[in-house]
Protein chains: 2
Amino acid sequence: MAKKRILSISKNQLGRLPNYVHHLQALRAVGIEKVTAPQVARDLNLNVELVKKDFALVAKRQGTPRSGRDISELITDMYDFLEYSQHDKAILIGVGSLGKALLHYRGFDDYGFNIVAAFDVDSALIGSKVDGIPIYNLDDLEKVQSEHRSQIAIITVPAKEAQKVATRLISANIAAIWNFAPAHLKVPSRIIVQDENMASSLAIISHRLKEKQRAKK
Amino acid sequence: MAKKRILSISKNQLGRLPNYVHHLQALRAVGIEKVTAPQVARDLNLNVELVKKDFALVAKRQGTPRSGRDISELITDMYDFLEYSQHDKAILIGVGSLGKALLHYRGFDDYGFNIVAAFDVDSALIGSKVDGIPIYNLDDLEKVQSEHRSQIAIITVPAKEAQKVATRLISANIAAIWNFAPAHLKVPSRIIVQDENMASSLAIISHRLKEKQRAKK
DNA sequence: TAGATTGTTAATCGATTAACAATC
DNA sequence: TAGATTGTTAATCGATTAACAATC
């Protein structure tokens, strides 16, 4: 009787949702109105049961056997589940090439947050703007943050500086860190850390490639 | 009797190796010569048994109870395992802000490959160089690739173009694709695809943050 | 010797996959 | 009605964690 929205979502499931959203939007764009789990499973190379469960978890209503679900409704439910509509502020620390690339990326709005300030130590950058986002002196981190009270910090500084920056961010009341530096951050358990481990991805791709090359000969 | 290097490594294990390498190098840099699994587990917030097994998998020799392993030897073993020394060529398609950031990143050498060419459709970019890497017209992809015979392609084009580019890359004999476009690529099973899913990471971080905010009030 | 760490086997946990009745 | 798809329960699989004897 009681809605069993008690069971929480796993990290894996959560990570699949944006892929679904993207694919469903593509289907809707070509005029398709209904979608079934087997169809999506085929398209995205996933197990059918996996897709069924993911859909069931986020959808507010049950699907109808044989005809599936309404695409628009499913997309809306996914957006609701992901709460992209409730925006959070973010700051970015380290305006190197990767930091700049992220500042240029104008799609964060779609994912529920927007970058309000960036920081660097390079005096050539401080005071300028990238796509409308002001770049402050890293020394002023605490001051600027006390005004904005951002929830999320994006770390794109060199690995060596990452821990120092993280520590400062935490005392400045950041709740979540999106870490692009190839370094392990020591933080209190209440802080949310998401590591973007490019080095790990590279290790995986490189190893699989070597394996393949060995298999060939 | 026979070395049981038969058991292959999992994706998760592989992904942890670069983190170990980085941490071990940091320890060595401050003059430490020996390392134990419990120590590393504490430092990197991992389970001890996990670290023990990871080390055992890549190390050529057994560790010595109580004193651990020689750091330099362990690092060498990890490099050997990851085969970073055997370089592969890579090309990059899509010189937008993210593509540029990756071209600027000079650390790929350390990970076993180097970018030899980039492609775009923007005539303002074509013919120029970024950090010494020439940018070609995307139309010339097949021609340039037939000379270089690169193994890896990095896709940093918009989602809409990703599949088209991937298909062309495959017929041009690319073995592995590192995909930064938020799109699912349909490829033959022999092709290695590594998705860099920033949208997934964002979904995870954003959801956890919302959860936390709900818990607080 | 005592005690910490190693290597390895067993237990647990969680996610994915399979199976199947209910339903349109 | 027949058949595909849904929701859900059970089985499998793989990775992580726990346990413990062997060793320096």
Side-chain angles (χ1 to χ4, degrees), chain A residues 1-17 19-20 24 27 32-71 73-74 77-78 197 200 203-204 207, chain B residues 1-17 19-20 24 27 32-71 73-74 77 197 200 203-204 207-208:
Chain A
M1 194 182 94
K3 263 291 202 183
K4 29 187 143 74
R5 194 54 63 88
I6 316 105
L7 28 85
S8 71
I9 191 169
S10 79
K11 222 168 147 175
N12 286 0
Q13 279 185 302
L14 213 35
R16 281 192 295 269
L17 295 189
N19 302 345
Y20 292 135
L24 293 175
L27 291 179
I32 300 171
E33 290 174 359
K34 292 276 183 182
V35 74
T36 67
Q39 180 58 49
V40 172
R42 257 192 308 278
D43 293 347
L44 300 183
N45 243 341
L46 296 170
N47 181 282
V48 194
E49 283 75 23
L50 201 65
V51 178
K52 282 198 283 184
K53 286 196 176 168
D54 288 345
F55 284 5
L57 183 71
V58 298
K60 298 210 177 74
R61 299 198 303 175
Q62 292 212 332
T64 51
R66 191 143 167 67
S67 69
R69 295 170 186 280
D70 182 83
I71 287 195
E73 196 179 312
L74 189 51
D77 286 349
M78 288 191 174
N197 44 7
S200 295
I204 294 165
H207 191 267
Chain B
M1 193 182 92
K3 262 291 201 183
K4 32 187 138 80
R5 194 56 61 89
I6 315 104
L7 27 86
S8 70
I9 191 169
S10 80
K11 222 169 147 174
N12 286 0
Q13 280 186 301
L14 213 36
R16 281 192 296 268
L17 294 189
N19 302 343
Y20 292 136
L24 294 174
L27 291 178
I32 299 171
E33 289 175 359
K34 293 276 182 180
V35 74
T36 67
Q39 181 59 51
V40 171
R42 257 192 308 278
D43 293 347
L44 300 183
N45 244 341
L46 296 170
N47 180 282
V48 194
E49 283 74 23
L50 201 66
V51 177
K52 283 198 281 185
K53 285 196 175 165
D54 288 346
F55 283 6
L57 183 72
V58 299
K60 299 210 176 74
R61 299 197 305 174
Q62 291 211 331
T64 51
R66 191 141 166 68
S67 69
R69 297 170 185 279
D70 182 84
I71 287 195
E73 196 179 312
L74 190 51
D77 287 349
N197 43 7
S200 295
I204 293 165
H207 190 267
R208 282 207 256 165

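What you see is a predicted model, and the numbers here were worked out from it, not measured in a lab. In the text below, chain A, chain B and the rest are named by the order of the sequence lines, each starting its count at 1.
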query: Taking both distances under 3.5 Å as the test for a Watson-Crick or G-U pair, what stems of at least three pairs does DNA chain C have?
result: C:3-24 with D:3-24
Point-to-point distance, once rounded to the nearest 0.5 Å, from CD of A:Gln13 to NZ of A:Lys53: 9.0 Å
query: Where do B:Leu46 and B:Arg16 come nearest, in terms of heavy atoms and distance?
result: CD1-CD, 4.2 Å
- request: State whether the side chain of B:Arg69 and the backbone N or O of B:Arg61 hold a donor-acceptor pair below 3.5 Å, judged by distance alone.
  value: yes
- request: With sequence neighbours excluded, give me every side-chain hydrogen bond (donor to acceptor under 3.5 Å, both in side chains) pair touching residues 41-50 of chain A.
  value: A:His23-A:Asp43, A:Gln39-A:Arg42, A:Gln39-A:Asp43
field: Nearest-0.5 Å distance, CD1 of residue A:Ile204 to CG of residue B:Asn12
entry: 7.5 Å
- request: Mind calculating the distance between CD (B:Glu49) and C1' (D:dA19) to the nearest angstrom?
  value: 8 Å
query: Heavy atom of residues 35-46 of chain B under 4.0 Å from DNA chain C: which residues?
result: B:Thr36, B:Ala37, B:Pro38
- request: In whole angstrom, give the distance that lies between atom CG of B:Asn47 and atom P of C:dG14.
  value: 14 Å
query: Can you check the A:Lys11 NZ to D:dT16 C1' distance for me, whole Å?
result: 14 Å
- line: Rounded to whole Å, CG of A:Asp54 lies from C1' of D:dT6 at a distance of 15 Å
message: As an exercise, state the distance from CG of A:Leu24 to CG of A:Leu74, rounded to the nearest 0.5 Å.
response: 5.0 Å
Side-chain heavy-atom pair A:Gln62, A:Phe55 within 4.5 angstrom cut-off: no
message: Rounding to an integer number of Å, can you tell me how far B:Asn12 CG sits from C:dA15 P?
response: 13 Å
- prompt: At under 4.0 Å, does any side-chain N or O of B:Arg69 touch on OP1 or OP2 of D:dC24?
  reply: no
- line: Of all heavy-atom pairs linking B:Ile71 and B:Ile32, the shortest is CD1-O, 3.7 Å
field: A:Gly68 versus A:Thr36, closest heavy-atom pair with distance
entry: CA-CG2, 3.9 Å
message: For A:Leu44 versus A:Tyr20, what's the shortest heavy-atom pair and its separation?
response: CD1-CD2, 3.8 Å
- prompt: Whole Å only: how far is the CG atom of B:Leu57 from the P atom of C:dT6?
  reply: 16 Å
Salt bridge (Lys or Arg N to Asp or Glu O under 4.0 Å) involving A:Glu33 - partner list, sequence neighbours excluded: none
Value rounded to 0.5 Å, distance of CE in A:Met78 from CG in A:Leu57: 9.5 Å
task: Grab the two heavy atoms, one from B:Asp77 and one from B:Ala59, that are nearest each other, plus how far apart they are.
output: OD2-CA, 3.4 Å
field: Between C1' of C:dA21 and NZ of A:Lys52, the distance in whole Å
entry: 11 Å
message: Looking at every heavy atom in both A:Ala37 and A:Lys52, which two are closest together, and how far apart are they?
response: CB-CG, 3.5 Å
Below 3.5 Å between N/O atoms, which protein atoms pair up with nucleotides 1-4 of chain C? Just atom names and distances, please.
unit_1 : atom_1 : unit_2  : atom_2 : d
C:dG3  : N2     : B:Arg66 : NE     : 3.4
C:dA4  : O4'    : B:Arg66 : NH1    : 3.1

query: If you look at every strand shown and take non-hydrogen atoms under 4.0 Å, does A:Gln13 touch a base, only sugar-phosphate, or nothing?
result: nothing
Please list each protein N or O that sits under 3.5 Å from an N or O in nucleotides 9-13 of chain D, with the distance.
unit_1 : atom_1 : unit_2  : atom_2 : d
D:dT9  : O4     : A:Lys53 : NZ     : 3.3

- prompt: Roughly how many Å is it from CG in B:Leu74 to C1' in C:dT6, rounded to a whole number?
  reply: 14 Å
